[in-house]
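The structure appears right after this line, and notes come after that.
Any value given below was found using the heavy atoms of this structure, including those in side chains, with hydrogens, waters and symmetry copies removed. What you see is a predicted model; the values in this text were computed from it and never measured.
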Amino acid sequence: MSLVVAVGAGVGIGAGQPFFHRGRGVSRSRSRRVRLFKTRAALVESRPRIVPAAVTVRDDDNNSNSNSNSDNSQLIYRKGLDRAKDIQAEARAMARAANATVYSPQLLTLKYNSRPIKVLRRTLQILIALGSFGLKLAIDQRNGVLDQNKRLRATELRRIFTRLGPTFVKLGQGLSTRPDICPPEYLEELSELQDALPTFPDEEAFACIERELGLSLDSIYSSISPQPIAAASLGQVYKAQLKYSGQIVAVKVQRPGIEEAIGLDFYLIRGLGFLVNKYVDIISSDVVALIDEFASRVYQELNYVQEGQNARRFKKLYADKEEVLVPDIFWDYTSGKVLTMDWVDGVKLNEQAAIEKQGLKVLDLVNTGIQCSLRQLLEYGYFHADPHPGNLLATPDGKLAFLDFGMMSETPEEARSAIIGHVVHMVNRDYEAMARDYYALDFLSRDVDISPIVPALQNFFDDALNSTVSELNFKTIVDGLGAVLYQYPFNVPAYYALILRSLTVLEGLALYADPNFKVLAASYPYFAKRLLTDPNPYLRDALIELLFKDGKFRWNRLENLLVQGRKDRDFSAKDALQPVLKLLLAPDGEELRNLVIKEAVRVNEAFVLGTVVDTYNSIPDLMRTLMFNGNATGPLMMSDTERESMIGLRDQVLRIWVLLQSSENFDPAILQPILQVLQQPEARSLGGRVIGGITQRLAARLLQQVLKVPTTASATTL
């Protein structure tokens, strides 16, 4: 179990605030709980001692020169034992959280329909707070000072959300990551809701820990901070030292009465959603369904065991990259309302000065976040849906740490490929294919006619794509697509809204450091790698669409894909070659084989004629005059345009080969499987057709030279 010792510059520690309380300078009621406790005989011995065991294993493995079977067996045994103990501890944590509340609209309706006075009181509280704010906006607009007062009103809205409680804090946090909805002043103010929240009494927090874990505080910790290090919407975090191991941990404790507070609010908001669905025609999405989705995720955040399991899954999938850090969970000290995990020392990602003071670069960290997010969204489909600056820390050794795994989501498998294909269709300006992608993305039901949508996409992207795709700002695309989505019967799935939120947050963080940063430019190497190496049939078809147009192979596209794909550290030339060959020789690949044969003939002709031209140019001028009677084009009857085209094609193919050769992990031995594939009957037939085509072309060229017939424009475009 990894340990990251923490100072917490990025987690809201005030100047001069002590990390650990040892029993001085606080009230007697608190000092009893937070003093430096004496060791007790009843210390929890059932806790799996994962860290000491793991360290022993690593030391033995590093210091031993023997690889005997007994050593390997011991290593496997210890790892298996640690894993078994960890599973048992997780099971005990799940048992402690067995009664965790889940979101049920029906139960909320039954509960609050019988409490009209409580509902009315809360309704009036919300209406008065938000109504007075709306009235101020109306007055500002009438007086022509709406823009001038944006900062003032944004501050007021943040304070209103804070007073209204956790549900509206979560709502404000969501709005703080939506530049397509809120002006910059509101984004900045609402972003302060991420961690600058009121705390609840420490005595209640410590009592909750003891009640949830069934242990006294002094049997768990050697010391614990007398005050919370940070306060979030649903809980607050303390820094502590475990008594059994001395490890520094973060202890998150849930706010008391949180379930009752958010339950009533979601009951009211859901009722408002029914009214919106019935009377507001401009909103085509099912508002109640969106509210239910959001409420379900908030309720999941209330179960800290579920959050711990989310963290473990996230760590398993994405912490294989050395630049990504995910804290581990201590199951024996975790329950439905208490979560204990590794303490992470780091600086919030939006604190640029503090990050640079450590010798780190914000853009490097943001790029790590983007690459990790792309893997989350498009590779495994399991992604962190709440990546605000308070949940992303830069560690002193340059790693990007992810925190707070309460809100997670998944991208359906079909949608992952469809998103990549959508980018390809955007690059190709194939707007009809883009519109069809919305079926796979579950934006449209299959019975919706897409013909009116195609011109709307074309009108937006023809303007936007005047710049290269890599120069597009992600917010520009979000805004443009948003305008299209509102005009037609789209139903945006919840996962897609969370994807937009995730990427807009990362782009916003990058723009603090570099106003010219573009998320799509940073994402393109990943897309290129996936297109070149992924055997997924959908992506293979997308690659063919990208590389072939009107029966011609676009070598410039392949070269650009290789240039970009090589920037991804996981790119492998071997992976790029094998799937293409398998696709080419597949039983249903006849159409592709015809295109490849035609292009192979053209490339071979370019190499042969290019060699002839180079040889001719290497002959001294005097010799050329004597041999070819001063003919400027030498022995070949071709125009300057055709000659330049042939040489350009040959040089481009050579550049692509150099790119492959210079790729990381390239080894000529990787061609061995290709030779084996080429020995298959389909491949031999393909080779024979290529040779036949080359022979025909060169014979036609020779006859052309003999008869002195100039080439036609059509002949040069083969």
Side-chain angles (χ1 to χ4, degrees), residues 1-13 17-22 33-37 39 43-55 82 85-86 89-90 92-93 96-97 195 202 205-206 208-210 212-232 235-254 304-305 307-312 314-315 319 325-346 390-391 393 395-396 399 401-406:
M1 192 174 291
S2 60
L3 172 63
V4 185
V5 181
V7 173
V11 288
I13 299 174
Q17 176 179 325
F19 292 134
F20 299 109
H21 177 68
R22 302 190 181 277
R33 299 186 182 277
V34 298
R35 67 182 183 276
L36 180 59
F37 301 111
T39 304
L43 186 61
V44 187
E45 292 296 336
S46 61
R47 176 66 174 91
R49 300 182 64 80
I50 295 174
V51 172
V55 172
D82 286 346
K85 289 181 177 180
D86 194 58
E90 182 179 355
R92 291 193 293 271
R96 287 191 288 270
D195 52 13
D202 301 312
F206 297 149
C208 178
I209 294 173
E210 293 185 332
E212 286 289 309
L213 301 183
L215 299 168
S216 62
L217 217 63
D218 60 344
S219 69
I220 305 174
Y221 310 117
S222 299
S223 52
I224 187 169
S225 55
Q227 297 175 348
I229 302 301
Q236 58 195 35
V237 179
Y238 294 85
K239 184 177 182 180
Q241 184 175 32
L242 292 179
K243 193 169 187 177
Y244 90 96
S245 66
Q247 289 172 275
I248 310 300
V249 294
V251 183
K252 183 159 76 170
V253 186
Q254 195 171 109
Y304 285 175
V305 171
E307 180 175 345
Q309 292 172 328
N310 293 343
R312 275 289 179 88
F314 190 91
K315 183 182 183 75
L325 175 65
V326 179
D328 209 353
I329 307 300
F330 294 77
W331 291 117
D332 274 330
Y333 307 121
T334 294
S335 71
K337 297 183 178 181
V338 176
L339 177 64
T340 303
M341 63 170 57
D342 286 329
W343 179 268
V344 177
D345 173 18
N391 291 339
L393 300 184
T395 67
K399 293 183 179 182
F402 285 82
L403 305 177
D404 194 351
F405 300 91

Of all the heavy-atom pairs spanning [X] and [Y], show the shortest one and how long it is.
| X | Y | answer |
| --- | --- | --- |
| Pro327 | Met341 | CG-SD, 3.7 Å |
| Ile224 | Ala240 | CG1-CB, 3.8 Å |
| Asp332 | Arg92 | OD1-NH2, 2.9 Å |

Can you check whether [X] reaches [Y] side chain to side chain, under 4.5 Å on heavy atoms?
| X | Y | answer |
| --- | --- | --- |
| Leu339 | Val251 | no |
| Tyr221 | Gln241 | no |
| Thr395 | Asp345 | no |

Please round to the nearest 0.5 Å and tell me the distance separating atom CD1 of Ile329 and atom CG of Asp342.
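Interatomic distance, Ile329 CD1 to Asp342 CG, rounded to 0.5 Å: 8.0 Å.
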Residues two or more places apart in sequence or in another chain: which of them pass side-chain hydrogen bond (donor to acceptor under 3.5 Å, both in side chains) with Ser335?
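Here the qualifying residues are Glu212.
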Ignoring hydrogens and geometry, is there a side-chain-to-backbone donor-acceptor pair from [X] to [Y] under 3.5 Å?
| X | Y | answer |
| --- | --- | --- |
| Arg96 | Thr334 | yes |
| Thr340 | Tyr333 | yes |
| Asp202 | Gln227 | no |
| Glu210 | Leu215 | no |

Set of residues satisfying ring pair (Phe, Tyr, Trp, His ring centres under 6.0 Å) with respect to Phe405, sequence neighbours excluded
Phe314, His384
Could you tell me which residues satisfy side-chain contact (heavy atoms from CB on, under 4.5 Å) with Gln309, sequence neighbours excluded, listed by chain and number?
Glu90, Met94, Val305, Gln306, Trp331
Ala205 meets the side-chain contact (heavy atoms from CB on, under 4.5 Å) criterion, sequence neighbours left out, with Phe200, Gln236, Tyr238, Val253
Evaluate the side chain to side chain contact (heavy atoms under 4.5 Å, CB included) criterion for residues Phe402 and Leu393: first the C-alpha distance (whole Å), next the side-chain angles of each, then the deciding distance (0.1 Å), finally the verdict.
CA-CA 7 Å; Phe402 285 82; Leu393 300 184; over 6 Å; no
Is the shortest side-chain N to carboxylate O distance from Asp86 to Arg312 below 4.0 Å?
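Here Asp86 pairs with Arg312 in a salt bridge, since their nearest N and O are under 4.0 Å apart.
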List in chain and number order the residues that pass salt bridge (Lys or Arg N to Asp or Glu O under 4.0 Å) with Lys252, two or more places apart in sequence or in another chain; answer none if no residue qualifies.
Glu307, Asp404
Between Asp328 and Lys315, is a salt bridge (Lys or Arg N to Asp or Glu O under 4.0 Å) present by the stated rule, with each step listed?
CA-CA 8 Å; Asp328 209 353; Lys315 183 182 183 75; 5.3 Å; no
